[in-house]
S.K.: 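Can you keep this structure in mind? I'll have questions shortly.
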Amino acid sequence: MTMIQKPPRSPGSALPADPARPAGPGPHSPGRHESHAAVPLRDVHVRITDWFAESARDLPWREPSCSPWGILVSEVMLQQTPVVRVLPVWRDWLERWPSPAHLAAEPAGAAVRHWGRLGYPRRALRLHAAATAMVAGHHGEVPRTYEGLLSLPGVGTYTAAAVAAFAFGRRETVVDTNIRRVHARLFGGTALPAPALTAAETRRAVELLPDDDALSVRWNAGVMELGAVVCTARSPLCDACPVLDACAWVGAGRPAPDYVPKGQAWAGTDRQVRGAIVAVLRDADTPVPRSVLLEAPVDLGMGAGAVLVPDALSALHRLRAPAEQLDRALAGLLADGLAEEADGGLRLPG
DNA sequence: AACACGTGGAA
DNA sequence: TTTCCAAGTGT
């Protein structure tokens with residue numbers, strides 16, 4: 001059963017990216033060309049939010065008791081990192097540092113160390129800097145506005161909107177990769193959104209957002225969830241989709257993507273070397289001499305079982321990275337603040 | 001605007 | 001085995 005929804009604000013214009021949508025002025029007439037099979041936008045709102053209420057995953061940062069800080073931490077950890085890998089690290093962080101002040105009281109290196117292998121450890125650094133900024137300028141609390149959030153290190157347009165919406169119930173236009181994909185298929189009729197966020201996409205997201213604050217929050221969460229678990233990038237589970245009959249992409253016969261995503265190079269990159277170096281520093285109790293990082297261990301011909309080299313270090317050496325690349329990677333880490341010199345060696349900052 | 005920036009699981 | 005991709009941000 002569906003609730004009576006507050007009528008949407010009268011749209012000043014039709015959805016620009018949907019060619020099937022009437023473009024002219026005149027009375028808004030729900031039921032006509034709202035989407036592929038004439039499903040009114042308000043019905044799409046209801047169906048997706050009802051679906052979300054019924055089948056949303058139980059994630060700890062969605063608990064009503066979760067603090068804004070917990071939500072902010074989750075959003076940063078989830079930037080380019082899957083939920084399943086975030087879960088254990090998020091729990092550890094929130095137990096260890098239940099507020100921004102708790103994290104700010106630690107050296108930045110602690111944040112990087114407990115980031116584990118989530119990837120992009122600079123995010124840990126920025127979360128620490130954000131915590132410090134909140135203590136210095138926001139009474140130790142997470143800012144409640146989009147602008148305040150956006151001013152924090154590591155918080156961009158997506159995260160600022162997401163935290164404002166999910167932590168503070170604000171009506172924000174949240175646009176992430178899941179939402180972009182759902183919008184592209186449901187309203188745009190294409191398999192994938194453009195390689196980069198376009199102004200037209202943002203405009204469409206603004207116009208799709210329900211007027212009601214509470215409904216807008218559930219809409220943002222629901223569309224994101226739909227993209228994450230049903231309208232997935234590779235093999236969408238259309239059978240489980242609450243708006244299948246409204247989908248422009250399905251209506252068009254599921255045309256293939258019209259561009260090829262450019263893969264992320266990895267083997268042999270500086271990123272790989274940086275990652276291997278940070279892994280060594282993360283596991284080290286004391287500063288690691290530069291020579292140990294740069295040089296392959298000398299084979300002393302010792303007997304079997306003499307494990308002198310930690311896993312992370314042997315992994316680094318196995319890369320066989322040219323000395324020049326190691327130097328460059330190290331310099332980059334120092335410049336980024338992910339490492340610092342101490343006692344003739346390198347360590348995490350702090 | 002295009003790139004750099006980690007990591008590991010699934011296809 | 002290789003490629004793709006996951007709740008992006010900063011420069």
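Order of the sequence lines sets the chain letters (A, B, ...), proteins ahead of strands, with each chain counted from 1.
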S.K.: Of the listed nucleotides (C:dA7, C:dT9, B:dT7), which one gets closest to any side-chain atom of A:Arg282?
M.R.: B:dT7

S.K.: Determine the Euclidean distance between corresponding P atoms of C:dT9 and B:dG8; express it in Å to zero decimal places.
M.R.: 23 Å

S.K.: Closer than 4.0 angstrom, basic N to acidic O: yes or no for A:Asp92 and A:Arg96?
M.R.: yes

S.K.: Does A:Arg282 CZ have over 12 foreign heavy atoms under 6.0 Å away?
M.R.: yes

S.K.: What nucleic acid atoms does A:Asp270 come within less than 4.0 Å of, heavy atoms only: base, sugar-phosphate, or nothing?
M.R.: sugar-phosphate

S.K.: If you measure from CZ on A:Arg180 to CZ on A:Arg204, what distance do you get to the nearest 0.5 Å?
M.R.: 9.5 Å

S.K.: Rounded to whole Å, how long is the line connecting atom CG of A:Leu197 with atom C1' of B:dC3?
M.R.: 17 Å

S.K.: Nearest-Å distance, CG (A:Leu78) to P (C:dG8)?
M.R.: 8 Å

S.K.: How far, in whole Å, is B:dC3 from C:dA7 if one measures between their P atoms?
M.R.: 24 Å

S.K.: What pair of heavy atoms forms the shortest contact from A:Pro153 to A:Ala129, and how long is it?
M.R.: CG-CB, 3.8 Å

S.K.: Checking all strands, does A:Trp115 fall into the base, sugar-phosphate, or nothing category for heavy-atom contacts under 4.0 angstrom?
M.R.: nothing

S.K.: Looking at the side chain of A:Gln79, which of C:dG8, C:dA7, B:dG6 is the nearest nucleotide?
M.R.: C:dG8

S.K.: Any N or O donor-acceptor pair linking the side chain of A:Thr157 to the base of C:dG8 at under 3.5 Å?
M.R.: no

S.K.: Return whichever of A:Arg57 or A:Pro153 has its heavy-atom-nearest nucleotide of DNA chain C closer to the 5' end.
M.R.: A:Arg57

S.K.: Nearest whole Å is fine: how far is B:dT7 P from A:Arg274 CZ?
M.R.: 10 Å

S.K.: If the cut-off is 4.0 Å, is A:Thr159 near the phosphate of C:dT9, judged by side-chain N/O to OP1 or OP2?
M.R.: yes

S.K.: What is the nucleic acid contact for A:Arg181, judged by heavy atoms within less than 4.0 Å: base, sugar-phosphate only, or nothing?
M.R.: sugar-phosphate

S.K.: Remember a base hit wins even if backbone is also touched, and classify A:Ala233 as base, sugar-phosphate or nothing at under 4.0 Å, heavy atoms.
M.R.: sugar-phosphate

S.K.: Let me know the distance between CD of A:Glu225 and C1' of C:dA6, rounded to the nearest Å.
M.R.: 14 Å

S.K.: Could you check how far CH2 of A:Trp266 sits from C1' of B:dC3, rounded to whole Å?
M.R.: 15 Å

S.K.: Please tell me whether A:Trp97 and A:Trp69 form a close aromatic pair, meaning their ring centres lie under 6.0 Å apart.
M.R.: no

S.K.: Look at the side chain of A:Arg271 and decide which nucleotide, out of B:dG6, C:dT9, C:dA7, has an atom nearest to it.
M.R.: B:dG6

S.K.: Return whichever of A:Arg234 or A:Gly116 has its heavy-atom-nearest nucleotide of DNA chain B closer to the 5' end.
M.R.: A:Gly116

S.K.: Using a heavy-atom cut-off of 4.0 Å across all strands, would you classify A:Ser74 as base, sugar-phosphate, or nothing?
M.R.: nothing

S.K.: Determine whether the side chains of A:Ser314 and A:His317 contain a donor N or O and an acceptor N or O closer than 3.5 Å.
M.R.: no

S.K.: Indicate, with a heavy-atom threshold strictly under 4.0 Å, whether A:Leu127 touches base, sugar-phosphate, or nothing.
M.R.: nothing

S.K.: Check every strand shown and say whether A:Val174 touches a base, only sugar-phosphate, or nothing at a heavy-atom separation below 4.0 Å.
M.R.: nothing

S.K.: Given the rule in the salt bridge (charged side-chain N to carboxylate O under 4.0 Å, His left out) test, do A:Asp283 and A:Arg113 qualify, once you have shown the distances and angles that lead to the verdict?
M.R.: CA-CA 8 Å; A:Asp283 293 349; A:Arg113 176 164 285 112; over 6 Å; no

S.K.: Using atom CE of A:Met224 as one end and atom C1' of C:dG8 as the other, report the distance to the nearest whole Å.
M.R.: 12 Å

S.K.: Which residue lies toward the 5' end of DNA chain B, A:Leu118 or A:Val84, if each is placed at its nearest nucleotide?
M.R.: A:Leu118

S.K.: Is it the case that the base of B:dT7 and the side chain of A:Arg85 share a donor-acceptor contact (distance under 3.5 Å, atom types as modelled)?
M.R.: yes

S.K.: Using a cut-off of 4.0 Å on non-hydrogen atoms, how would the nucleic acid contact of A:Gly156 be classed: base, sugar-phosphate, or nothing?
M.R.: sugar-phosphate

S.K.: Could you give the CD-to-C1' distance, from A:Gln80 to B:dT7, as a whole number of Å?
M.R.: 11 Å

S.K.: Round to a whole Å and report the spacing from CG of A:Asp336 to C1' of B:dC3.
M.R.: 14 Å

S.K.: Under 4.0 Å between any heavy atoms, over every strand shown, what does A:Ser235 touch: base, sugar-phosphate, or nothing? Just pick one.
M.R.: nothing

S.K.: Consider the side chain of A:Arg117, meaning its heavy atoms from C-beta on, and name the nucleotide among B:dC5, C:dA7, B:dT7 that approaches it most closely.
M.R.: B:dT7

